[in-house]
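Since we're looking at a predicted model, the values are computed, not measured.
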Amino acid sequence: MAQTRAQKAAKRRRNLEDESTSQQRATKEPPIQSDLSSGHSPNRQNTSRLPYKPSNAATNENANNNPIDFWRKEGRWPRAFSEPGMEHLLARKRSLSALGGRKRTNSASSTTASDQKPREEKNAQYRDPRYETLLATKGSFMVESPHDITDTSKATIEKLLSNSQLVPQDTLFRDDVFKRTYQKIHNKNEARIIQDISRLLVPSAESFATFGAEHLEILIESVNEGWNNSIPLTGTRPQPDYSVGFQREAFNETQLEKLSPFIGDFIGGDTSYFMATYLMYFPFLACEVKCGAAALDIADRQNAHSMTLATRGVVELFRLVGRENEVHQQVLAFSISHDHRSVRIYGHYPVIEQKGTKYYRYPIRTFDFTEMGGKEKWTAYCFTKNVYDIWMPDHFKRICSAIDQLSSNVSFDDPSPSESTGLSQAMETLGQAVNESAFADHEQPHTRTTTPNISFSTAGSAKRRKSPAKKHIAT
């Protein structure tokens, strides 16, 4: 009997020890983790009815294996492809309605592609003098900075103004017909001014390339095309009368791969700090044409907006590789505003501070090209040609050197353009959008040409129609 009692006491002690050990294990290992790692145990609480929730590690692994699918579902790049301070520079998706939506108004004539908006509509916000204040709230100022531009930029501008160029002979600027030319257009509209004299003031980069200027083959120009692929600064997006930047073929495959997370599905309409249109990378020149001296102030506001975006793209690129000091107070873009007789030329530059970057413009020349018998009629032409020949090649080399330093951690292999999720499908979507009077703009359409109301809210606040997810490609 005594032995039986001793056996029972020992058994109770063993049971108590087993319970204590189980409690300690339960404290160290959450039941859900134990269940996923080693299966069910009769000594542990049954957790099979708890819903399975993948760990962060599993989610990240899936994102890294298929980043394109992750972006399609989540609308952002996987964290593994981002570096600190880089996430805001990645390409941003645009909804299908932004590409294929209709502008519904009472006038059928107002339903146009957003990259060819009527001149009255695209000028509407810029007519209001308060737009300059709106730009200032975004860090863009239509004045010179107290810190001025660098001596290097000043020397370059002096060279651009003084270097001579061959000018075309049989044009409306020929000495014997020049006076009649500007007399005939003094009371004409903007379209007539563009037709007759714009290319004689701001010559075409692509035309020079066509006639044998091989160093300009890397350039591409746009005429009255909306910068739909640029991340906007204000509610409206620029639509310069003429602009110049670099075409995709200017960059090699390695550079394009490194840029791909920041460009995204450029055919599908993703927006980027580094693009203007879906064909133009890193724009650096814009021209706006008006009729009447007072209207040149409107042109200046348009150019200030466009070239702020152009300058911002270069600044953000150099900040990515830790070389932003190289572009501090350097002229990174140029703009020209003109009417039937006056020309204004500006340089645009950043002032980079610890608390942020501000953008300013530097007045290069303002003159009447009809005075003194047309003595200055070729000044803008020669300046623009010198920008192409002298300034642009060094600017392009500088951009390429920064792209070459981008981390390879943010580049990855994409589906082939020939695959169903690639370029062909994006082009098909684009074609459907064009057939449906596509390319809806960021801002709501304006219905008046007098001084409009200006919204000081950030871009993207307007409601958009919800659209189904579309497949994306990266460059």
Side-chain angles (χ1 to χ4, degrees), residues 77 81-92 135-157 227 230-233 245-246 250-251 254-264 271-276 280-286 304-335 346-362 387 391-411:
W77 293 102
F81 294 96
S82 302
E83 293 182 1
M86 183 187 297
E87 187 173 8
H88 75 286
L89 295 178
L90 298 176
R92 303 180 187 181
L135 285 177
T137 66
K138 306 296 184 179
S140 175
F141 301 90
M142 295 177 62
V143 295
E144 295 182 70
S145 164
H147 304 291
D148 208 356
I149 61 176
T150 63
D151 292 338
T152 301
S153 288
K154 288 182 178 180
T156 300
I157 289 173
W227 285 12
S230 181
I231 294 175
L233 184 69
F246 299 101
F251 305 98
T254 301
Q255 291 168 340
L256 291 174
E257 288 176 3
K258 289 187 175 184
L259 284 174
S260 62
F262 310 103
I263 302 303
T271 57
S272 168
Y273 281 98
F274 302 152
M275 299 192 76
M280 183 183 295
Y281 294 67
F282 299 103
F284 60 83
L285 175 68
H305 184 200
S306 302
M307 293 298 94
T308 295
L309 299 187
T311 305
R312 180 189 65 180
V314 178
V315 170
E316 295 295 350
L317 173 64
F318 275 75
R319 182 177 281 121
L320 277 174
V321 295
R323 293 169 51 189
E324 59 267 33
N325 288 339
E326 295 183 25
V327 295
H328 174 56
Q329 296 174 241
Q330 294 277 1
V331 172
L332 302 176
F334 300 92
S335 68
Y346 299 97
H348 300 264
Y349 62 101
V351 174
I352 303 173
E353 303 170 343
Q354 289 185 349
K355 58 183 178 181
T357 302
K358 296 179 180 179
Y359 301 91
Y360 297 88
R361 72 177 189 184
Y362 180 83
V387 169
W391 179 86
M392 181 277 296
D394 290 337
H395 182 61
F396 180 63
K397 290 178 183 177
R398 182 164 50 185
I399 288 175
C400 288
S401 70
I403 295 174
D404 291 338
Q405 287 186 265
L406 287 176
S407 172
S408 59
N409 291 335
V410 293
S411 63

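Nearest heavy-atom pair, Pro283 versus Ala276, reported as atom, atom and distance to 0.1 Å: CG-CB, 3.9 Å. Across all non-hydrogen atoms, the minimal contact from Gln329 to Tyr349 is CA-CD1, 4.1 Å.
In this structure, the separation between CZ on Phe262 and CD1 on Ile403 is 10.0 Å, given to the nearest 0.5 Å. Atom NZ of residue Lys138 and atom CG of residue Leu309 lie 12.0 Å apart, to the nearest 0.5 angstrom. Annotation: the span from His395 atom NE2 to Cys400 atom SG amounts to 10.0 Å, rounded to 0.5 Å.
The shortest distance between side-chain heavy atoms of Val321 and Asp404 does not fall below 4.5 Å. Thr311 places none of its side-chain heavy atoms less than 4.5 Å from the side chain of Val327. At a threshold of 4.5 Å between non-hydrogen side-chain atoms, the residues Leu332 and His348 do not count as touching. Looking only at side-chain heavy atoms (C-beta outward), Leu317 and Leu406 come within less than 4.5 Å of each other. Considering only heavy atoms from C-beta on, Tyr359 comes within 4.5 Å of Val315 through its side chain. Here the side chains of Tyr362 and Glu144 are in contact, with some heavy-atom distance below 4.5 Å. Two residues are said to be in side-chain contact when any heavy atoms from C-beta on lie closer than 4.5 Å; Thr357 and Glu324 fail this criterion.
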Return a table of donor-acceptor pairs under 3.5 angstrom between the side chains of residues 145-153 and protein atoms on other chains or two or more places apart.
residue	atom	partner	partner atom	Å
Ser145	OG	His147	N	3.0
Asp148	OD2	Lys154	NZ	2.6
Thr150	OG1	Ser153	N	3.2
Thr150	OG1	Ser153	OG	3.3
Thr150	OG1	Gln330	OE1	3.3
Ser153	OG	Gln330	OE1	2.9
Ser153	OG	Val331	N	3.1

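Using a 3.5 Å distance cut-off with no hydrogens or angles, the side chains of Arg361 and Ser335 do not pair a donor with an acceptor.
A distance-only check finds no donor-acceptor pair linking the side chain of Arg323 to the backbone of Phe318 [under 3.5 Å]. Using a distance-only test at 3.5 Å, with no hydrogens or angles considered, a donor-acceptor pair links the side chain of His328 to the main chain of Ile352.
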**Prompt:** Is there a side-chain contact (heavy atoms from CB on, under 4.5 Å) between Phe141 and Val351 once you walk through the steps?
**Reply:** CA-CA 11 Å; Phe141 301 90; Val351 174; over 6 Å; no

**Prompt:** Going through the distances and angles, do Tyr273 and Arg312 end up as a side-chain contact (heavy atoms from CB on, under 4.5 Å)?
**Reply:** CA-CA 7 Å; Tyr273 281 98; Arg312 180 189 65 180; 3.2 Å; yes

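With sequence neighbours left out, the side-chain hydrogen bond (donor to acceptor under 3.5 Å, both in side chains) criterion links Ser306 to no other residue.
Aromatic ring pairs are classed by plane angle as parallel below 30°, tilted from 30° to 60° and perpendicular above 60°; the pair Phe284 and Trp391 is tilted. The aromatic rings of Phe246 and Phe251 sit perpendicular, their planes meeting at an angle over 60°, well past the 30° parallel limit.
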